[in-house]
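Sequential numbering from 1 along the given sequence is applied to the chain's residues.
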Amino acid sequence: MKKLIKLLSCAVFSMLLLSAPLVAQSNNHAVAALSPAEVEKWRQDLRYLAEEMPRRHKNLFHTMTREQFEMAVKRLDERIPTLARHQVIVELARIVAMVGDGHTGIQGIPFDPKINFRSYPLTLYHYKDGLFVQTADPKYADAVGGRVIKIGNATAEAALRAAGELVFHDNEMGIKAFAPMAVMMPEALHTFGIIKEMESAPFVFEKGGKQFTLEL
């Protein structure tokens, strides 16, 4: 199998494209344990990432310390045998986003078919007074204009904070712009422990002074 992490040149720094393993899982969203061979391949990718990021970035440690980066890599390396494929990808994205600039991140989440993450059929926007539904699949049209109160077992605010850890950004506005997209990924919410089942996630909304729940 080819290297799963490829570095693509960029004006300031190479951005990371993670071509995740396609071994019998590309169209299967069930939570499955990694085989010993897959564990070793993910660990090889993690080592490659840990070696190449400091070498290729002009100043990788401008918002984090080398110790923080190395500790995050070590923790993930130890956890990989206990994780599913999507969880490893989310945790890799979280490590890369620690760099804290808008040119450094794992591209293709959630839309690249090699990664094969999904998105719930809502478009959200984070306004000053909360997280609101801008558009929705016709099946969930009643949610449009509603404020998100809760996602799974977390408040909307807590879910956004967790999703913000995946967003490569230059400042807080970057997180605000893209965290609402990240919080719509079942794979991310499951990795964060916000939902138990990726196939059915409860969302609580408030609209017109009333609260209602939808299973997405």
Calculate, to the nearest 0.5 Å, the distance between atoms [atom1] and [atom2] belonging to [X] and [Y] respectively.
{"X": "L124", "Y": "L160", "atom1": "CG", "atom2": "CG", "value": "8.0 Å"}
{"X": "L46", "Y": "E51", "atom1": "CG", "atom2": "CD", "value": "10.0 Å"}
{"X": "T191", "Y": "M185", "atom1": "OG1", "atom2": "CE", "value": "9.0 Å"}
{"X": "R43", "Y": "D45", "atom1": "CZ", "atom2": "CG", "value": "12.5 Å"}
{"X": "Q87", "Y": "F192", "atom1": "CD", "atom2": "CZ", "value": "11.0 Å"}
{"X": "I106", "Y": "I95", "atom1": "CD1", "atom2": "CD1", "value": "8.5 Å"}

Pick out which of V96, V90, V88 makes a side chain to side chain contact (heavy atoms under 4.5 Å, CB included) with L92. V88
Quick one: does R85's side chain have a donor or acceptor within less than 3.5 Å of a partner on A32's backbone? no
NZ/NE/NH1/NH2 to OD/OE distance under 4.0 Å, [X] and [Y]:
{"X": "R55", "Y": "E52", "answer": "yes"}
{"X": "E70", "Y": "K74", "answer": "no"}
{"X": "E40", "Y": "R47", "answer": "yes"}

Taking atom CZ as the centre, does F178 end up with more than 12 heavy-atom neighbours from other residues, nucleotides or ligands that are less than 6.0 angstrom away? no
So does N153 have more than 12 non-hydrogen atoms from other groups sitting under 6.0 Å from CG? yes
I want to check something: taking the side chain as every heavy atom from C-beta on, are [X] and [Y] in contact at a cut-off of under 4.5 Å?
{"X": "Y120", "Y": "L189", "result": "yes"}
{"X": "I195", "Y": "E197", "result": "no"}
{"X": "E187", "Y": "I115", "result": "no"}
{"X": "L131", "Y": "H126", "result": "yes"}

Assess whether side-chain contact (heavy atoms from CB on, under 4.5 Å) is satisfied between K150 and T155, documenting all intermediate values. CA-CA 4 Å; K150 194 173 181 182; T155 64; 5.6 Å; no
What class does the angle between the rings of F117 and H86 fall in, given that below 30° is parallel, 30 to 60° is tilted and above 60° is perpendicular? perpendicular
Centre-to-centre under 6.0 Å for F212 and F205, is that the case here? yes
Pair Y140 + F203: ring centers closer than 6.0 Å: no
Just by distance, no angles: are the side chains of E215 and S200 close enough, under 3.5 Å, to form a donor-acceptor pair? yes
